[in-house]
Each structure stands twice: as C-alpha cells, then as structure tokens.
Amino acid sequence: MDQTAQIALAKEKFEALLTEQFQRVERMKSEKLFLDYSQLKPIIIGMAGGDGIGPTITGDTQRVMEFLLQDEVKAGKVVFRPIRGLTIENRAKAGKTLPDDVLAELKECHAILKGPTYTPRTGDPWPNLESANVAMRKELDLFANLRPVRVPEEGIDWAFFRENTEGAYALGSQGFDVNEDLAIDFTITTTEGSERIARAAFDYAKANGRTRVTCVTKANIIKATDGKFLRICQSVAKDYPGIELDDWYIDIMTAKLIDPKRRTQFQVLVLPNLYGDILTDEAAEFQGGVGTAGSANLGKRYAMFEAIHGSAPRMVEEGRVQYADPSSVMRAGGMLLSHIGFPDRTAKLTRALDICCVTERRIAPNGRDTGATSAQFTDYVIETVRTLK
Ligand code: IPM
Ligand code: MG
C-alpha cells in the first residue's frame, strides 16, 4: 500500500472513532440526574465475587455489611444480590469481557461490590479479553474514580478524583498501526466529561469541608486535551467560592507527594485518567500499598466499588485462598455504604477496620496458614463493630 492509501485508511478509522465519540457525548448530555438512593425500595446491592480470592473476600465482606445493615435488610429496604457470572471462565466461554446476561444483571443493581477480576495476558489459556474493570467503567459510565488515601499520623488525607472514562483509556484498545513505521493512539477530553468530574471533586470538597482542590495535568505539553481539562476545572471552580483551585503538572506532583512538608497541603485532587491511575498507586503506597485501598467508581445511574488489588492467582494455585486478607474489599464496602445513604455505618466500619488492621491487630491474615483466615478476621471485625457505640 502506498502512503496515500495508508492515509486514506487511517482517515476512515479516525472518522469511525469520531462518530463513536460524538454519540458518547450525546449519551453523557442526556444523562442528567444522579440516582436518589433515598427514594429506592429496595436498594439492590450486587455482589460480584469475580475471580481467584474474590468470592471469598467479597463473601466475607457481605457478612460484615449484612451485620451493619441488619435492620434495613429485615425491613426489605436493602437486598444483597449475588452476581455469579463475572468470572474468567464464563467470560472466556461467552468470548466477551462482559457477557450480555451478566451486564443485564449488573444493570439491575443500584450499587455493586466487585471482587478482583482476572485480565488475560499473552501466553494464558484464555482469550485476550479486555480488562473487566475498564469495560464496566465504560459500559456503566462510571466516570468518577474516587480513591481516598489516609495516613492520619502523617497528616495525609487525600481524596483522588480520577476521571475514569476518557483520556488515554477511552480509545485505549483502538489505536492503530498506520504502517509498519507508525503507530497512533488517541487521548480524549470532552467538555461534558471534564465538567462532571470537576463538579464531582468540588461537590465532594464542599460536602466534606475541604478548602482546596488540586488539578493535575501536563497542560504545558499536552495542550489540547489536558489544556481543556484544566480550563474546565478553572471555570467550574468559580461556582464554589471558598474552595481554592490550584494547578500542578503531573511530573512535579509525583515528586511533591513524597515531600513531607508539601504533601500535607493536598486535599482533593482531580486528574485525567492515566495520571490518576499512576498517581493513586504511588499515593496508596504511603498507606501500606494498593492492597489497603478501596476505590469507588461512580456514575449518575450506577456505582461500583472494588479493592485496587488483583485476584491473586498464585494463592489459588497454592491452595491459600482462605487466608486472603479481605480488609481492602471491606474498605470498598464501607465506601458503598455511605454512597447509598448510610454514612454512620461507614464510620463504624472504618473505626473497626482501623482497630483490627492498625491499632490492635489481634487477628491478622498474612496470606498463609501462619496467619488468620479471611473468615476469622471477618468474625473479629464483626465483634469489634459490636463493641462500638
Ligand atoms: C486500576 C487498575 C486498572 C487501570 C487496570 C487493572 C486495568 O490499574 O484500577 O487502577 O488501569 O485502571
Ligand atoms: Mg492502576
């Protein structure tokens, strides 16, 4: 093929991508209102165990949540619903990251707690499917990825609002080789997509008495998309008097997170998808690693909560599943509880987990038979919740 033909082919592909993105923008514009959980009866919580250690740790987390919500469950206000099909075996069989029946089940829920799902790599016996997390974020339009990181003794209390549907991820698997010398990927920023994540960050700051939102981009270099993201954050900030917006570039931000004097000044951070992916791993490390962090994926109609860690295939191979540590899924479950209208239960669970994981730590899983099982740890958490006022 000569260059003219290669360019013509690339134009065709680009045209199709633009059409798809125009349609996505229209869908975003038409979805205006957030779900009002106080009006729902029952609130359906989908429990998707996922792969590997997932069913064990989400099952145990459900026990804690059912304990905390026992009155609501009895009164039929809250229902837990198992979603069993989100496994790699099932996804491989359907040849789809999110099989249609599973997606339909997920869409019947108002909030979802998801265990880790396995993403196939080259050399695996599985078909090369897209990550189920990324597919769910896109399918359910979960645009705000809220990742809190707290290390109270060091004055760290950060809430990251990672844009979750655009940026480098929007067309992450749709870039292409124009010819053997040239590959192209795309980064997307839309007005609607940036406005909604900026508002989510500012609304959170306002509701939680925070006084500063920090926008992190590389707008000095990636001028069109990051520049737009920053400009929209600046314009949204005008609607929130009393909350200051400051603006940092991602390179210096990664450095300043390890500066003990500077880092305590950050409160709420808002950032495009890829920077958010990277920076939140760094941030979680201060708290004890990605295994200690919970994460909320929030949209207008759906919400999905998950731990940041994976499905631990090695633990499965070595028969150690029952020794998995459920605490990060429990933190994600805690975020779910306040999202659906029970912040008092979240507060209780957080206090219990701080006691069980940090201050008292009487029963601790370590992933092996020298430590506690997930079930024993869960009993300990429930007992601790019982002692709290
Ligand atoms: C995360 C993860 C995912 C991502 C992976 C598993 C696709 O790293 O949730 O941060 O890149 O978003
Ligand atoms: Mg990540």
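Read the numbers this way: they start at 1 and go in the same order the structure lists the ligands and their atoms.
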Considering only heavy atoms of Y169, which atoms of ligand 1 have at least one such atom less than 4.0 Å away?
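Every atom of ligand 1 under 4.0 Å from some heavy atom of Y169: 4 (C), 11 (O), 12 (O).
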Establish, yes or no, whether a centroid distance under 6.0 Å links the rings of H339 and F305.
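Ring centres of F305 and H339 closer than 6.0 Å.
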Angle between ring planes, F186 versus F14, binned at 30° and 60°: parallel, tilted or perpendicular?
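The arrangement is parallel - the two ring planes meet at less than 30°.
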Check against side chain to side chain donor-acceptor pair (under 3.5 Å), N297 and Y302:
CA-CA 9 Å; N297 298 270; Y302 302 103; over 6 Å; no
Option with minimal heavy-atom separation from atom 7 (C) of ligand 1, where the choices are V134, I278, N164, T280
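Comparing heavy atoms across V134, I278, N164, T280, the nearest one to atom 7 (C) of ligand 1 lies in V134.
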Is [X] in polar range of ligand 1, meaning some N or O pair under 3.5 Å apart?
| X | answer |
| --- | --- |
| R137 | yes |
| D281 | no |
| R162 | yes |
| E306 | no |

Under 4.0 Å from atom 5 (C) of ligand 1, do we find at least one protein heavy atom?
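No, there is none.
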With a 4.0 Å cut-off on N to O distance, would you call [X] and [Y] a salt bridge?
| X | Y | result |
| --- | --- | --- |
| E166 | R24 | yes |
| D369 | R320 | no |
| E306 | K114 | yes |

Which N/O/S atom belongs to D277 and is the closest one to the Mg ion (ligand 2)?
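The D277 atom nearest to the Mg ion (ligand 2), restricting to N, O or S, is OD1.
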Would you mind checking which non-hydrogen protein atom is closest to atom 10 (O) of ligand 1, with the distance to 0.1 Å?
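Closest protein heavy atom to atom 10 (O) of ligand 1: D277 OD1, 2.9 Å.
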With a cutoff of 4.0 Å, is R147 in contact with ligand 1, counting heavy atoms of the residue only?
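It does, in that a heavy atom of R147 comes within the 4.0 Å cut-off of ligand 1.
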Non-hydrogen atoms of I57 and H309 that approach each other most closely:
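Nearest pair, atom of I57 first, then H309: CD1-CE1, 3.7 Å.
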